[in-house]
Protein chains: 2
Amino acid sequence: MTQQRRVILEELQKLDSHPTADEVYERARRRLPRISLGTVYRNLEILSECGLIQKLELGGTQKRFDGRVENHCHVRCIRCGRISDVPMAPLTTIENRIRGASDYEIIGSRLEFIGVCPQCKKEH
Amino acid sequence: MTQQRRVILEELQKLDSHPTADEVYERARRRLPRISLGTVYRNLEILSECGLIQKLELGGTQKRFDGRVENHCHVRCIRCGRISDVPMAPLTTIENRIRGASDYEIIGSRLEFIGVCPQCKKEH
DNA sequence: TCCGTATTAGTAACTATTCTCAAAAGAGAA
DNA sequence: TTCTCTTTTGAGAATAGTTACTAATACGGA
């Protein structure tokens, strides 16, 4: 656990937004000005393999990262790209329903909602 | 509706896999050897805007395209990346449940399952 | 403290996609 | 059909996000 890795983890856990690697880099740089973007990517990868953070491959071109690891789903604003958590029970029911209908061995699921966030709704 | 656009659409409708732009390019090239990759990307974009095909932004680094436009969901094999359709009723129930729980204006949702496809299961 | 391994910063390389632009192909009117 | 105007094309350059490489540095156990 290096200084860099710890700072990246801490910054991510501090936020309840779902930052991109770039945004994590910006924040880490305030505390460690010489940290490199490569280090941020590498550590985000390692931390998500360890299960300390979550890597989100949702819509849009960039991956996002989440300091919360419990199973939960997300809403993405179609206008500004902001991502928020959705307070909702897990999807075990749906997953079970699928198990009969598909010949795949189902491991998990990913549910993402698309909508307009309160702020963008106001600005319209 | 140019020759190129028609060929791209036809090739996509012929398949029940969910090809990447590259795979569509390969197939289109068999019929129009001088077609360019840029043309394929451009037309896939246009066709999906017209609602003649569907653009899938699922997990993984590449976008995929689907000749079927009815609302349905997908399973992705975690080993080989193959994507299959899931025969399942639409998710209006879940979407409605979310509408109360979030302050976003919900427009739609995207549900993807992750699993192991029959072939990879066998090879294991 | 010393030593072997892991990690870093910096940069180059890569991949998927989009953009640019001159040339070619449609499509509508005469 | 031929003329014009607009759209689309092919080829390649440009971009964005991410990953790989490498010499130098930091870590952590004996």
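Values reported hereafter were calculated over all heavy atoms of this structure, with side chains retained and with hydrogens, waters and symmetry mates removed. Please read these numbers as outputs of a predicted model, since none were measured by experiment.
Between A/His74 and A/His18, the ring-plane angle classifies as perpendicular under the 30° and 60° cut-offs.
With DNA chain C read from its 5' end, the first of the two nearest nucleotides for B/Phe65 and B/Arg42 is the one closest to B/Phe65. Of the residues near DNA chain C, B/Gln62 and B/Gln4, the one whose nearest nucleotide (by heavy atom distance) lies more toward the 5' end is B/Gln62.
Rounded to whole Å, atom C1' of C/dA16 lies 9 Å from atom CG of B/Leu37. Residue A/Leu44 contributes atom CG, which lies 15 Å from atom P of D/dG17 at whole-angstrom precision. Counting to the nearest Å, the P atom of D/dG17 and the CD atom of A/Glu45 are 17 Å from each other. B/Leu9 has its CG atom 15 Å from the P atom of D/dT8, to the nearest Å. Going from atom CZ of B/Arg6 over to atom P of D/dT9 covers 11 Å, rounded to whole Å. For the pair A/Ile46 CD1 and D/dT19 P, the interatomic distance rounds to 12 Å; values are reported in whole Å. Between the OH atom of B/Tyr25 and the C1' atom of C/dT17 there is a distance of 14 Å, rounded to whole Å. Rounded to whole Å, atom P of C/dA24 lies 18 Å from atom CD1 of B/Ile35.
Using a distance-only test at 3.5 Å, with no hydrogens or angles considered, no donor-acceptor pair links the side chain of B/Gln62 to the main chain of B/Ala21.
For A/Thr39 and C/dT7, the shortest distance from a side-chain N or O to OP1 or OP2 is not below 4.0 Å. Between A/Lys63 and D/dT19 there is a side-chain N or O to OP1 or OP2 distance below 4.0 Å. Residue B/Ser36 places no side-chain N or O under 4.0 Å from the OP1 or OP2 atom of D/dT9. Taking only side-chain nitrogens and oxygens, B/Arg5 comes nearer than 4.0 Å to OP1 or OP2 of D/dT8. Of the side-chain N and O atoms in A/Arg34, one or more sit less than 4.0 angstrom from OP1 or OP2 of C/dG10. Of the side-chain N and O atoms in A/Thr2, one or more sit less than 4.0 angstrom from OP1 or OP2 of C/dT8.
Residue-level contact check: A/Asn43 touches the backbone only, with heavy atoms under 4.0 Å from sugar-phosphate atoms and none from bases.
Checking A/Gln4 against A/Thr39 by side-chain atom types alone, no donor-acceptor pair falls below 3.5 Å. Using a 3.5 Å distance cut-off with no hydrogens or angles, the side chains of B/Gln119 and B/Arg82 do pair a donor with an acceptor.
Comparing atom distances between the B/Tyr41 side chain and each of C/dA9, D/dG10, C/dT18 picks out C/dT18 as nearest.
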Next on the checklist: Apply side chain to side chain donor-acceptor pair (under 3.5 Å) to residues A/Gln3 and A/Arg31 and explain how you reach the verdict.
Outcome noted: CA-CA 10 Å; A/Gln3 231 187 118; A/Arg31 292 171 58 187; over 6 Å; no

